[in-house]
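These notes are about the structure you will find just below.
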Amino acid sequence: MGKLVIANWKSNPATLDEAVNLAKATDIRGAIISPPDIYLQELKNNLSNADLCAQNMFWEDTGSYTGETSWRQLNNMGIKYVIIGHSERRKYLNETDLMINKKVLAAFQNNITPILCVGEPEEVREKGVESAKEFIKNQLQKAFSNLETINSNLETVIIAYEPIWAIGTGKPATPEAASEISRFIKESLKTKNYNLETKVLYGGSVDSSNASSFSNEQDIDGALVGGASLKPDEFKKIYDIFNKS
Ligand code: PGA
């Protein structure tokens, strides 16, 4: 199986027409597109190859939760993936480890594959790789708390390692460092004995000029692509590099 390449559009583009055009231009079998929720239905009608992913999800079923899109609504729309705990949500929306844990558990319980984002801020990285590992281990432990109590048919979990200092800065992590953290994430989850296949993606300033250095790393199973996913040619190149076509 090829490596996973996920387009994280964040709060882009500004109009539905642009969203449909961008989706059609990047409608690649095997790719996963994560648009703002407001475009999901229309993109579902327009995509024939790529899968869709939500950028967030509320943990309750339905009810009085103004502004939230619940797992049930995603399920009913046939959305199979959800990004959980992106650092931008942790920062701008004050999303806590407890909220992230509730979302992860709801995703597992309802067979929506979570793409859990973890990654250290710059001040932690400056203290060295062991500090970064400690930070990430703590994020993983909190996100997966009580997972063993959940019934789930999911066999795969996806972790996106996104060092905060590398997101949108044009300064990606080195492939060696990203690979070391990916291995660390896989080992941490294996010792927890969840019996899940763990795929680790790298995210943070991935573009077509650096994609091959990440795709060549055995322990990196793909990429979560932000800015470059809004440029169809760039995104297609990145996809091809990860899938060696
Ligand atoms: P970037 O964003 O590729 O623009 O750095 C990645 C992400 O935040 O998922």
Side-chain angles (χ1 to χ4, degrees), residues 3-14 18-19 22-23 25-26 28 31-37 39-40 50-57 79 81-95 100 103-104 107 113-122 124-125 132 135-136 139-140 143 157-175 177-179 181-182 185 199-215 217 220-242:
K3 297 200 174 193
L4 273 177
V5 180
I6 304 181
N8 178 10
W9 288 4
K10 309 190 179 186
S11 298
N12 299 292
E18 288 170 279
L22 178 57
T26 51
I28 310 163
I32 299 176
I33 298 176
S34 192
D37 280 1
Y39 301 141
L40 278 171
D51 268 316
L52 282 168
C53 172
Q55 295 179 10
N56 179 37
M57 178 190 91
I79 305 297
Y81 299 93
V82 61
I83 296 173
I84 295 179
H86 192 283
S87 60
E88 287 155 7
R89 294 196 58 81
R90 295 183 195 247
K91 178 176 173 197
Y92 299 117
L93 284 304
N94 289 333
E95 204 164 286
I100 290 164
K103 293 177 186 197
V104 167
T113 300
I115 296 151
L116 173 70
C117 298
V118 297
E120 79 287 357
E122 187 144 38
V124 170
R125 188 58 176 206
F135 186 91
I136 291 162
Q139 284 184 320
L140 289 172
V157 63
I158 303 170
I159 311 292
Y161 169 54
E162 299 205 308
I164 294 171
W165 46 270
I167 296 175
T169 58
K171 291 188 199 128
T174 64
S179 185
I181 299 279
S182 297
I185 290 171
K199 288 186 184 292
V200 181
L201 315 181
Y202 169 73
S205 298
V206 173
D207 61 23
S208 64
S209 73
N210 58 35
S212 66
S213 65
F214 292 106
S215 79
E217 293 290 335
I220 297 178
D221 304 307
L224 183 55
V225 185
S229 73
L230 302 172
K231 302 175 199 141
D233 290 346
E234 267 290 286
F235 185 70
K236 279 191 275 191
K237 275 190 210 159
I238 295 167
Y239 180 86
D240 286 344
I241 290 167
F242 273 92

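Just so you know, residue 1 is the first one in the sequence shown, and it goes up from there. Counting starts at 1 for both ligands and their atoms, in listed order.
- Annotation: side-chain hydrogen bond (donor to acceptor under 3.5 Å, both in side chains) contacts of S208 (sequence neighbours excluded): E234.
- Under the 4.0 angstrom criterion for non-hydrogen atoms, S205 is in contact with ligand 1.
- Residue contact check: K10 has heavy atoms under 4.0 Å from atoms 2 (O), 6 (C), 7 (C), 8 (O) of ligand 1.
- Between the side chain of Y202 and the backbone N or O of A173, at least one donor-acceptor pair lies under 3.5 Å.
- A donor-acceptor contact shorter than 3.5 Å links the side chain of K3 to the backbone of I220.
- For the residue pair H86 / E95, no side-chain donor-acceptor distance below 3.5 Å is found, with atom types taken as modelled.
- Between E120 and R125 there is a salt bridge, since at least one side-chain N of the basic residue sits less than 4.0 Å from a carboxylate O of the acidic one.
- Remark: the backbone N or O of F242 is not paired with any side-chain donor or acceptor of S215 at under 3.5 angstrom.
- Of the protein's heavy atoms, G226 N, 2.9 Å lies nearest to atom 3 (O) of ligand 1.
- Nearest heavy-atom pair, N210 versus P172, reported as atom, atom and distance to 0.1 Å: ND2-CG, 3.6 Å.
- Close contacts between ligand 1 and G168 involve ligand atoms 1 (P), 4 (O), 5 (O) [criterion: under 4.0 Å to a heavy atom].
- Residue G227 has at least one N or O atom closer than 3.5 Å to an N or O atom of ligand 1.
- When non-hydrogen atoms are compared, ligand 1 lies under 4.0 Å from the side chain of N8 (C-beta onward) but not from its backbone.
- Closest protein heavy atom to atom 7 (C) of ligand 1: E162 OE2, 3.1 Å.
- In summary, the atoms of ligand 1 found under 4.0 Å from a heavy atom of G204, numbered by their order in the structure, are 5 (O).
- Checking only distances, T169 never comes within under 3.5 Å of ligand 1, N or O to N or O.
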